[in-house]
Structure formats: structure tokens, C-alpha cells
Amino acid sequence: MDYICTWICTDAVGEESIYPQTGEKSSGQKHQNIYWRCILLFFATSKRFNKTQKHVLFSNTKSMPLLNGRWVAESLAELDVEIIFTDFNYKTPKGYFNLFQNQFFEFSILEYIVNNNKHLEDQYLILDSDCIFTQSVQPLFRAAAPKGFISLEDDCTTDLVIHGLSRKDMKMLYEELLGRNIDDIPGYHLGEFFMASVKNIGVIYADFKLLWPKMLTRFENKQPKFNEEAQTLSFIYYKNNFESSKSKTFLKRIWTNPVFYRNVENTDVNVAIWHLPAEKTYGLASLYQELIVNKEHFGLKIPHNIYMAKLKQLLGVPFLNLRGYTKYYMLSYYRALSKRTKNFFNN
């Protein structure tokens, strides 16, 4: 069996961390509803193309909101999505890292799979919820099957610091953890994309269990450590000689906002999965309104050419029209000004 999964891990009051793309307090319902909308859109766009795979949502909460007059749980049931509740067992201590502290929930997901699925050849594709599908991912499952693994790397430079570490920093940390020198500078694997068989998930999770207490000790000792799941997985992949795929058609992290950073290319329309982290409150919100709210059956019955035209129009891929540019600039500067005003009065 092949599985297509995403997840939500809500922060409790007093355990908040920073999620720059929402601009909201992470324990608040307004912040969480942004992710619930993404989740419904994720499964609705996947179901258009992926008929034979099982769809699963992993969640640490059983509290699901009412959105646009309908309970999220009812919508997920209609989309035939299995909901699996599992505790968040690997919370970082206060002060560990201020961004995205729920990313280590992915290892609670892996723990659940190891403990509950004994079919070693089953494959799991686990993605962030702000991804949408433009075509079937059956070729991705076929490509992963021979080795039971596929990963994708960020083509960042070796000096670029991402979440507290550059690739050069990661090399030094790898050497400390492995107790030996390494010749090459390791790659940084995308955290939003995880693809492995149950057999290899067992290997990855076993290594994580050994690594987790070391990271907590390094935090206590104020030593360099892995701050998020992508850095952690990159190390485990390196340790086990799990190599990344060179394919550019499986997934791309597409930055769309011209105010900050835009890496959109004409060839992006050929990519099966679009990861759109900057679009949660922009294009994805508009696409949610178009497909989930305005269309019957989550827009599953609209023709493919109309579906793709809507994606291109609302998400600005590969081209952004004048209206799109205006929206980005107005909203981005309005939010920046609102944040500055709020900080001024709070201080």
C-alpha cells in the first residue's frame, strides 16, 4: 500500500513558537484555521489525481474546527481521509529554537508507523500541508520502490544559514557526532518532503531515538545542535548513505512573493507537487475559496484544463499579473506596518 500524508501539530497556550508566514499566535484558532484550510486543499488536490493511494492525516489534536459552515472532520470523511491521532512525543524544551518547534512532530509520526504497520514494503509520502498537486504522483512511488527511499535536496550554498546552521556548520556537527572527519560538505534535504518504505522508516526512527537525547544534551551545554527536522533527517540520511534524487519534477519549494523572494520558472507547471510556503494567506486562501467553498465536491469534477488555469491564476505560477503584484505589495506592506505598530504599543 502507498500512503499520501500530511499533518497538523497544534501548539498549546504557553508553548507557542514563531510561524512567520501566518503572522498569528500559534496557539490561536486564527493561526490554526490557516493550516486546516491548507489541509483540506492538500487532500482535495491530491484526490483529483491519486485514486489508488490511501490518504492519511496525522494530528496531535482531536479538536477540529467549523470552517465555512462545515466541520473539518466531515469534509475529511467525505474525501476518504483517515485521521490518525498521535501524541507529540518529542517536544523541544523552552528556548531550544524559536521557530517551527512542532517540526519534530514528524518523528512522532514515524514512531507511530513503526509501531503500527508491519508491512515493510508499504511506502509513505509525508508532505507539509501547504503543498498542492498538479498531477499523479504514481511515478514518484515507482521511483522510490527499488530502494524504498527518495529525498530531495535544497540547492542552497554551503554558507547560507538556514534555521541556525549552514551546510558548513552541519559538516562540523556531523564530524562531532560521527567521531570522524568527512571530506564532503553534506547536502541539506528538504524537510517538507519525506518518502520512505516502512523498512527504511524503521532505520530512520531507530537512529533518531539515539540522536534525540544527544541533541537535548547539546542544548543544555550550549553546543551546536540540529534545530529542526530537516537538519536532523539530513544527518540520518548521510549516516545511512540515503542519497537524494536529482529529479526536478517531483516537488519544488516555490517562493512566489515578489516583495521578498520569487523563484518561479516556466517549467514549474511540469512539477507534480508545488510547495507554496508564502501562499498560505494569499493564493492558497483564494484557491481554498474557489475549490472548497464555491465548488461542489471540492472542485474534483472540474476539467483539468480549468483546474490548472485556476492554479496559475491564483498562485501566480509561472506568471504574475498586475493584479497579483498589487495584492502582494499592498498586503505585505500593510502587514509589516501592522506588526510594527503592534510591537510599538506592546513595548
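Keep in mind the model is a prediction, meaning the values are calculated, not measured. Heads up: numbering here begins at 1 and tracks the sequence.
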Electrostatic pair Glu82-Lys54, nearest N-O below 4.0 angstrom: yes

Aromatic plane relationship, Phe149 with Tyr237 - under 30° parallel, 30 to 60° tilted, over 60° perpendicular: perpendicular

Ile254 CD1 to Ile132 CD1 distance, which is reported to the nearest 0.5 Å: 8.0 Å

Residue that, paired with Trp212, satisfies ring-ring contact (aromatic ring centres under 6.0 Å, His included) out of Tyr205, Phe226, Tyr90: Tyr90

Verdict with supporting geometry, Tyr174 and Tyr238, ring-ring contact (aromatic ring centres under 6.0 Å, His included): CA-CA 9 Å; Tyr174 283 23; Tyr238 184 90; 5.4 Å; yes

Ser108 side chain to Asn89 backbone, donor-acceptor under 3.5 Å: yes

Test ring-ring contact (aromatic ring centres under 6.0 Å, His included) applied to His304 and Phe49, step by step: CA-CA 10 Å; His304 180 67; Phe49 307 104; 5.7 Å; yes

Any Ile113 side-chain heavy atom under 4.5 Å of Ile126 side chain: yes

Expected output: side-chain Asn227 to main-chain Ile162 donor-acceptor under 3.5 Å: no

Audit row: Asn200, Ser197, side-chain contact (heavy atoms from CB on, under 4.5 Å) steps and yes/no: CA-CA 5 Å; Asn200 282 328; Ser197 65; 3.7 Å; yes

Salt bridge Glu296-Lys301, side-chain N to carboxylate O under 4.0 Å: no

Side-chain heavy-atom pair Leu125, Leu140 within 4.5 angstrom cut-off: yes

Donor + acceptor pair across side chains of Gln53, Gln138 (<3.5 Å): yes

Lys246 bridged to Glu153 by N-O distance under 4.0 Å: no

Spacing of Thr92 atom OG1 and Glu228 atom CD [to the nearest 0.5 Å]: 11.5 Å

Side chain Ser234, main chain Ala230, donor-acceptor under 3.5 Å: yes

Spacing of OH belonging to Tyr288 relative to CD1 belonging to Ile39, to within rounding of 0.5 Å: 11.5 Å

Worked verdict on Asn50 versus His55 for side-chain contact (heavy atoms from CB on, under 4.5 Å): CA-CA 9 Å; Asn50 303 302; His55 288 75; 4.2 Å; yes

Backbone N/O of Arg253 and side chain of Asn263: donor-acceptor pair under 3.5 Å: yes

salt_bridge(Glu121, Lys199) N-O dist < 4.0 Å: no

Face-on cation placement of Lys91 at Phe104 ring, 6.0 Å and 45° thresholds: no

Test item: Asp154 side-chain N/O and Cys156 main-chain N/O as donor-acceptor pair under 3.5 Å: yes

Salt-bridge present (Glu78, Arg70; N to O < 4.0 Å): yes

Salt bridge flag under 4.0 Å for residues Glu265 and Lys252: yes

Side-chain donor/acceptor of Asn257 to backbone N/O of Ala278, under 3.5 Å: no

Ser245 side-chain N/O to Ser151 backbone N/O, donor-acceptor pair under 3.5 Å: no

Polar contact flag, side-chain donor to acceptor under 3.5 angstrom, Asp169-Ser166: yes

Check: Leu251 and Leu127 side chains under 4.5 Å, non-hydrogen atoms: yes

Spacing of CG belonging to Leu276 relative to CG belonging to Asp128, to within rounding of 0.5 Å: 11.5 Å

Cationic tip of Arg48 above Phe133 ring, under 6.0 Å, 45° of axis: no

Row check, Phe85 ring normal vs Lys62 NZ/CZ: under 6.0 Å, within 45°: yes

Close side-chain approach of Phe141 to Gln123, heavy-atom, < 4.5 Å: yes

Approximate separation, where rounding is to 0.5 Å, of Lys280 NZ and His31 NE2: 9.0 Å

Arg218 (side chain) donor-acceptor with Pro224 (main chain) under 3.5 angstrom: yes

Separation of Phe43 CZ from Ile4 CD1 (nearest 0.5 Å): 9.0 Å

Min side-chain heavy-atom separation Tyr307-Thr45 under 4.5 Å: yes

